[in-house]
**Student:** 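So that we are looking at the same thing, I have put the structure below in structure tokens.
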Amino acid sequence: MQQHFEEYGPKKGTVDSNMLRFFMVFCVLATGWAQECVVDQIPVKEGFDKYRFQGTWYAVAKKDPVGLFLLDNVVASYKVEDDGKMTATAVGRVIILNNWETCANMFGSLEDTPDPAKFKLRYWGAAAYLQTGYDDHWIIDTDYDNYAIHYSCRALDADGTCLDGYSFIFSRHPTGLRPEDQKIVTQKKQEMCFLGKYRRVAHNGFCA
């Protein structure tokens, strides 16, 4: 019986060869995935127009970074000032001191870079317990009238991928995205390597 199994079962050399080929294919795919997730290679909105972008945006989904972050009821407002610089304010619900719910007001100034869709955001909170920072603030895509996709990477890994990042999916409408925008947003989530990492942002009037 044992002799019969050894005669007709897979040869050891064949198994080892198949495993080697599988490992090589996996390595090639993993390298490709890593290259696609390199932050500097993530495409942003071409010809971004900050004047068309300014105004009120409602966050409908978000991918959180490490640390305290706005939970829901997030509304952001962008404004291009007289000097051409863009500023931003945001409000959203947070929980501090373990169980105290409050609305946090955030303020920011956006510094231009050579790419019109890539900014550096210096932000601070109205209260001392809120974070301050200086993050990338990229507009991945927008049609200006309905949806916008924001991206920020706070920390890079040695291979150029993002270790700690966050993102907002914005809508001009508090009711959410239009069905025709969903496919575009899903594709952009994949390009940012954030697909499956978002959670819905509710708007129930807590910070109204």
Side-chain angles (χ1 to χ4, degrees), residues 36-65 69-93 105-123 135-154 161-162 165-208:
E36 290 177 359
C37 293
V38 171
V39 172
D40 286 344
Q41 296 179 7
I42 295 175
V44 296
K45 175 69 175 179
E46 291 186 11
F48 176 71
D49 186 340
K50 59 187 175 184
Y51 291 93
R52 293 182 62 194
F53 184 78
Q54 65 181 331
T56 300
W57 290 96
Y58 299 89
V60 295
K62 68 187 181 77
K63 189 273 180 191
D64 290 334
F69 205 58
L70 302 177
L71 296 174
D72 50 39
N73 291 276
V74 180
V75 181
S77 296
Y78 294 84
K79 181 183 179 183
V80 180
E81 304 292 345
D82 293 339
D83 61 1
K85 302 293 185 182
M86 191 154 64
T87 59
T89 61
V91 64
R93 184 178 71 94
N105 289 283
M106 305 293 296
F107 305 91
S109 59
L110 290 92
E111 300 175 7
D112 294 332
T113 72
D115 190 322
K118 294 182 178 182
F119 299 88
K120 296 294 292 187
L121 172 67
R122 190 178 302 278
Y123 62 92
D135 294 344
D136 289 334
H137 193 87
W138 294 2
I139 306 302
I140 300 299
D141 195 21
T142 182
D143 70 347
Y144 303 104
D145 298 320
N146 296 285
Y147 74 91
I149 303 165
H150 153 273
Y151 173 86
S152 179
C153 182
R154 286 180 168 177
T161 59
C162 191
Y166 62 99
S167 173
F168 283 104
I169 307 299
F170 287 116
S171 173
R172 287 290 193 190
H173 320 290
T175 51
L177 297 174
R178 303 176 307 163
E180 54 265 43
D181 300 328
Q182 293 284 358
K183 183 178 180 180
I184 299 171
V185 169
T186 299
Q187 177 187 342
K188 296 302 179 180
K189 287 179 181 179
Q190 188 169 0
E191 291 176 3
M192 293 184 289
C193 299
F194 280 172
L195 187 63
K197 297 182 180 180
Y198 288 81
R199 72 177 187 83
R200 182 175 174 272
V201 176
H203 288 272
N204 57 20
F206 185 87
C207 295

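This is a predicted model, so every value here is computed, not measured.
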**Student:** Does the side chain of F48 come within less than 4.5 Å of F119's, by heavy atoms?
**Tutor:** yes
**Student:** Minimum heavy-atom separation for K85 and D83, please, with both atom names.
**Tutor:** N-OD1, 3.0 Å
**Student:** Look only at the side chain of K50 and the backbone of K79, and say whether a donor-acceptor pair between them is shorter than 3.5 Å.
**Tutor:** no
**Student:** Please say whether more than 12 non-hydrogen atoms of neighbouring residues, nucleotides or ligands are located less than 6.0 Å from CZ in R200.
**Tutor:** no
**Student:** Using modelled atom types and a 3.5 Å cut-off, is there a donor and acceptor pairing between side-chain atoms of R172 and backbone atoms of T56?
**Tutor:** yes
**Student:** Quick check for you: to the nearest 0.5 Å, what is the distance between D72 atom CG and H203 atom NE2?
**Tutor:** 8.0 Å
**Student:** Which heavy atom of K45 sits nearest a heavy atom of D141, and at what distance?
**Tutor:** CD-OD1, 3.6 Å
**Student:** If you apply the rule side-chain contact (heavy atoms from CB on, under 4.5 Å), what do you find for D115 with V44, and how did you get there?
**Tutor:** CA-CA 9 Å; D115 190 322; V44 296; 3.5 Å; yes
**Student:** Which heavy atom of V39 sits nearest a heavy atom of C153, and at what distance?
**Tutor:** CG2-SG, 4.0 Å
**Student:** Please check if any side-chain donor atom of N146 sits under 3.5 Å from a side-chain acceptor atom of H173, or the reverse.
**Tutor:** yes
**Student:** Closest approach of S171 and G176, non-hydrogen atoms and distance?
**Tutor:** OG-O, 3.0 Å
**Student:** For V74 and V201, which heavy atoms make the closest approach, and how far apart are they?
**Tutor:** N-CG1, 4.1 Å
**Student:** Quick one: list whatever passes ring pair (Phe, Tyr, Trp, His ring centres under 6.0 Å) with Y166, sequence neighbours left out.
**Tutor:** F69, H150
**Student:** Describe, in one word, how the ring planes of F170 and W57 are oriented to each other, choosing from parallel (under 30°), tilted (30 to 60°) and perpendicular (over 60°).
**Tutor:** tilted
**Student:** Rounded to the nearest 0.5 Å, how far does CG of L195 lie from NZ of K189?
**Tutor:** 7.0 Å
**Student:** If you define the side chain from C-beta out and look only at heavy atoms, does anything of I149 sit under 4.5 Å from I139?
**Tutor:** no
**Student:** Without hydrogens or angle criteria, can the side chains of T142 and Y147 be said to hold a donor-acceptor pair below 3.5 Å?
**Tutor:** no
**Student:** Could you work out, with ring pair (Phe, Tyr, Trp, His ring centres under 6.0 Å) as the rule, every residue matching F194, not counting sequence neighbours?
**Tutor:** Y151
**Student:** Should T87 and Y78 be marked as a side-chain hydrogen bond (donor to acceptor under 3.5 Å, both in side chains) after you check the CA-CA gap, both sets of side-chain angles, and the distance that decides it?
**Tutor:** CA-CA 6 Å; T87 59; Y78 294 84; over 6 Å; no
**Student:** For the residue pair M106 and T89, establish whether any side-chain heavy-atom pair is separated by less than 4.5 Å.
**Tutor:** no
**Student:** Report yes or no: is the SG-SG distance between C162 and C193 under 2.5 Å?
**Tutor:** no
**Student:** Test your reading of the model: is there a side-chain donor-acceptor pair from Q187 to the backbone of I184, 3.5 Å cut-off?
**Tutor:** no
**Student:** Keeping the roles fixed (side chain from K63, backbone from G165), state whether a donor-acceptor pair exists under 3.5 Å.
**Tutor:** yes
**Student:** Using the rule given for side-chain contact (heavy atoms from CB on, under 4.5 Å), can you reason through I42 versus I140, listing the C-alpha separation, both sets of side-chain angles and the distance that settles it, and then say yes or no?
**Tutor:** CA-CA 8 Å; I42 295 175; I140 300 299; 3.8 Å; yes
**Student:** Taking side chain as C-beta onward, heavy atoms only, is K62 less than 4.5 Å from L70?
**Tutor:** no
**Student:** Quick one: are L177 and V185 in side-chain contact, heavy atoms under 4.5 Å?
**Tutor:** yes
**Student:** Of all the heavy-atom pairs spanning R199 and L71, show the shortest one and how long it is.
**Tutor:** NH2-O, 3.0 Å
**Student:** Report, as yes or no, whether the 6.0 Å neighbourhood of atom CD on Q182 holds more than 12 heavy atoms from other residues, nucleotides or ligands.
**Tutor:** yes
**Student:** As a test of understanding, state which of K120, R122, K118 forms a salt bridge (Lys or Arg N to Asp or Glu O under 4.0 Å) with E111.
**Tutor:** R122
**Student:** Verify the distance criterion only: is there a donor paired with an acceptor across the side chains of Y123 and D135 at less than 3.5 Å?
**Tutor:** yes
**Student:** Dump the intermediate steps for side-chain contact (heavy atoms from CB on, under 4.5 Å) on H137 and S152, then the final yes or no.
**Tutor:** CA-CA 5 Å; H137 193 87; S152 179; 5.8 Å; no
**Student:** Can you sort out the partners of E180 under side chain to side chain contact (heavy atoms under 4.5 Å, CB included), two or more places apart, ordered by chain and number?
**Tutor:** R178
